Number of protein chains: 2
Amino acid sequence: MFRLSKAAEYAIRGVLHLSFKAEGETCGIDEIAKAQGVPPAYLAKLFQSLARKGFVRSFRGVEGGFILTKRPKDITLLEIIEAMEGRICLNDCLIYAGYCPKDDVCPVHPVWKEAHKRFVDYLKGCTFEEMANASKVKAMRTKEKISA
Amino acid sequence: MFRLSKAAEYAIRGVLHLSFKAEGETCGIDEIAKAQGVPPAYLAKLFQSLARKGFVRSFRGVEGGFILTKRPKDITLLEIIEAMEGRICLNDCLIYAGYCPKDDVCPVHPVWKEAHKRFVDYLKGCTFEEMANASKVKAMRTKEKISA
DNA sequence: TTAAAATAGGATAAAAAAGGTCTTAAATGT
DNA sequence: ACATTTAAGACCTTTTTTATCCTATTTTAA
Ligand code: SF4
Ligand code: SF4
């Protein structure tokens, strides 16, 4: 059932939120959760996981929170998705060669291989910088409209 | 968690199996299930569903079974997948415009839209005829190797 | 009329997804 | 030192989805 999990969706929103912050500026779970409309307790858990995997760094205590460990242009959508869901695998036979006993003769197998490659390549090409900028552009356009 | 369900996987194997049959030749569930290595009772239910949706026609009684209602070249991978899993929807915001309240300003939304389009287009381009032929070619090559 | 074969539908068991709670640990300002 | 703030960790519940199995019923050719 090719659908993004909420976990990944929320993590993406969170990382996107951090992408707008100045470098070094921490941001707490509650702010992110509120701004992005996400259950705080759940998001906290997701960010723990992101921290363990090195995508964000956490600071406890007063003025604590999270920062990105890399610049938005060096973080791809694919990375965050795979951090939350594990490696993308469109069909079981892509787990490893030979997982499905027929994969060497099955005419559907190469189709999944190619679909996987295309899907992953596209997601790999999407950086958070691009997305953050697209968002700024949209916000600016809206402003133009209002002032015009 | 972008993964094909067993239901769809089995249905694909089933339709592929029928693609090798002569037009009008019926084929029972047991034969398909055995040949494709699929639980017969489960496959039976899946084929009922395919029949209701018009992809196959069923014949009861002795010498009964299933035939395709269209020629393999007119059946795409996408159709069978969507018959079993419903419309492909990579992220909830693609269900309909406005489903996610942010979809008009969200910079991730267009990414999913494009990813969906690419994915669906690729799957739509894969017909069972192509796949069946690819399989024949492979079988022939294997024969050549053996006889050589 | 009997045996083969699909139909209809429920039962269900296991797994994954989605979310919450509560306690502990670390940082910081006073 | 201490209170406050905030993340970390561990555990738990509920819901949804997936993948089956099962049994009774209908249909049809021989
Ligand atoms: S597509 Fe072919 S190889 Fe992949 S799981 Fe299905 S049968 Fe096996
Ligand atoms: S990607 Fe953007 S629009 Fe789609 S669900 Fe997430 S937030 Fe909403």
Side-chain angles (χ1 to χ4, degrees), chain A residues 1-14 18 24-34 36-69 81 83-89 91-92, chain B residues 1-14 18 25-34 36-69 81 83-89 91-92 95:
Chain A
M1 223 266 289
F2 307 103
R3 175 109 95 263
L4 188 74
S5 65
K6 292 283 173 208
E9 164 70 21
Y10 296 161
I12 291 166
R13 289 195 210 178
L18 289 184
E25 184 186 353
T26 66
C27 176
I29 281 293
D30 285 339
E31 177 190 323
I32 307 176
K34 202 169 176 189
Q36 301 294 325
V38 159
Y42 196 26
L43 189 65
K45 179 182 294 195
L46 302 178
F47 263 71
Q48 280 172 39
S49 172
L50 285 178
R52 271 194 298 269
K53 282 162 185 153
F55 292 99
V56 299
R57 213 187 129 186
S58 67
F59 299 89
R60 303 201 217 197
V62 180
E63 294 288 292
F66 295 88
I67 57 166
L68 296 177
T69 51
I81 293 169
M84 304 313 295
E85 305 193 350
R87 295 291 297 277
I88 287 178
C89 178
N91 196 354
D92 287 346
Chain B
M1 224 267 286
F2 308 103
R3 173 110 95 270
L4 187 75
S5 65
K6 292 282 174 208
E9 163 70 20
Y10 294 162
I12 291 165
R13 290 194 208 177
L18 289 185
E25 184 186 353
T26 67
C27 176
I29 283 293
D30 284 339
E31 177 190 322
I32 306 176
K34 202 167 176 190
Q36 300 295 324
V38 159
Y42 194 24
L43 189 64
K45 179 180 285 194
L46 302 179
F47 262 71
Q48 282 169 38
S49 171
L50 286 177
R52 272 194 297 271
K53 282 161 187 155
F55 292 100
V56 298
R57 210 185 131 192
S58 66
F59 299 89
R60 302 205 220 195
V62 181
E63 292 290 292
F66 295 88
I67 57 165
L68 295 177
T69 53
I81 293 170
M84 304 313 297
E85 305 193 351
R87 294 291 296 276
I88 286 178
C89 179
N91 196 355
D92 287 344
I95 295 174

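Computed from a prediction, not measured in an experiment: that's the story for all the values here. Throughout, a chain's letter reflects where its sequence line sits, starting with A, and its residues are numbered from 1.
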Check your understanding: Is B:F59 touching bases, backbone alone, or none of the nucleic acid, heavy atoms closer than 4.0 Å?
Key -> sugar-phosphate

Review point. Atom CZ of A:F66 to atom P of D:dT5: distance rounded to whole Å?
Key: 18 Å

**Study point:** Separation of atom CE in A:M1 from atom C1' in D:dA19, rounded to whole Å
**Key:** 14 Å

**Study point:** Value in whole Å for how far the C1' atom of D:dT6 lies from CZ of A:R57
**Key:** 15 Å

Practice item. Mark yes when over 12 heavy atoms from residues, nucleotides or ligands other than B:K53 sit less than 6.0 Å from its NZ; otherwise mark no. Key: yes

**Study point:** Residue pair B:Y10 / B:L43: nearest heavy atoms and the distance that separates them
**Key:** O-CD1, 3.8 Å

Revision key, fill the gap. Separation of D:dA19 atom C1' from B:L4 atom CG, nearest Å, is 13 Å

Study note, to complete from the structure: Heavy-atom nearest nucleotide on DNA chain C taken for A:G61 and for A:A8; more 5' hit belongs to A:A8

Check your understanding: Of the non-hydrogen atoms in A:C89 and B:R3, which two are nearest, and what is the gap between them?
Key -> O-CD, 3.4 Å

Review point. Within this structure, what is the NZ-to-P distance between A:K6 and C:dG19, rounded to whole angstrom?
Key: 7 Å

Check your understanding: Which part of the nucleic acid does B:F47 contact within heavy-atom distance under 4.0 Å: base, sugar-phosphate only, or nothing?
Key -> nothing

Review point. Is the phosphate of C:dT7, meaning OP1 or OP2, less than 4.0 Å from a side-chain N or O of B:R52?
Key: no

Practice item. Check whether any side-chain nitrogen or oxygen of A:Y10 sits under 4.0 Å from OP1 or OP2 of C:dG19, and answer yes or no. Key: yes

Point to revise | Length of the line joining A:Q48:CD and D:dA7:P, which is rounded to integer Å | key: 10 Å

Review point. Under the 3.5 angstrom rule, does the side chain of A:S49 hit a backbone N or O of A:A83 as a donor-acceptor pair?
Key: no

Exercise for review: Remember a base hit wins even if backbone is also touched, and classify B:A44 as base, sugar-phosphate or nothing at under 4.0 Å, heavy atoms.
Suggested key: nothing

Distances for protein N or O near nucleotides 21-26 of chain D N or O, under 3.5 Å:
residue: D:dC21; atom: N4; partner: B:K45; partner atom: NZ; Å: 3.2
residue: D:dT26; atom: O2; partner: B:R60; partner atom: NH1; Å: 3.2

Review point. Would you say C:dA5 has OP1 or OP2 under 4.0 Å from some side-chain N or O of B:S58?
Key: no

Check your understanding: How many Å lie between CG on B:N91 and C1' on C:dA17, as a whole number?
Key -> 15 Å

Practice item. Could you tell me whether the side chain of B:I88 reaches within less than 4.5 Å of the side chain of B:I81, counting heavy atoms only? Key: yes

Review point. Counting distance only, does the side-chain N/O of A:T69 pair as donor-acceptor with the main-chain N or O of A:F55 below 3.5 Å?
Key: yes

Practice item. Compare all side-chain heavy atoms of A:D92 with those of B:K6 and state whether any distance is below 4.5 angstrom. Key: yes

Review point. Please give, in whole Å, the distance from C:dA16 P to A:D92 CG?
Key: 11 Å

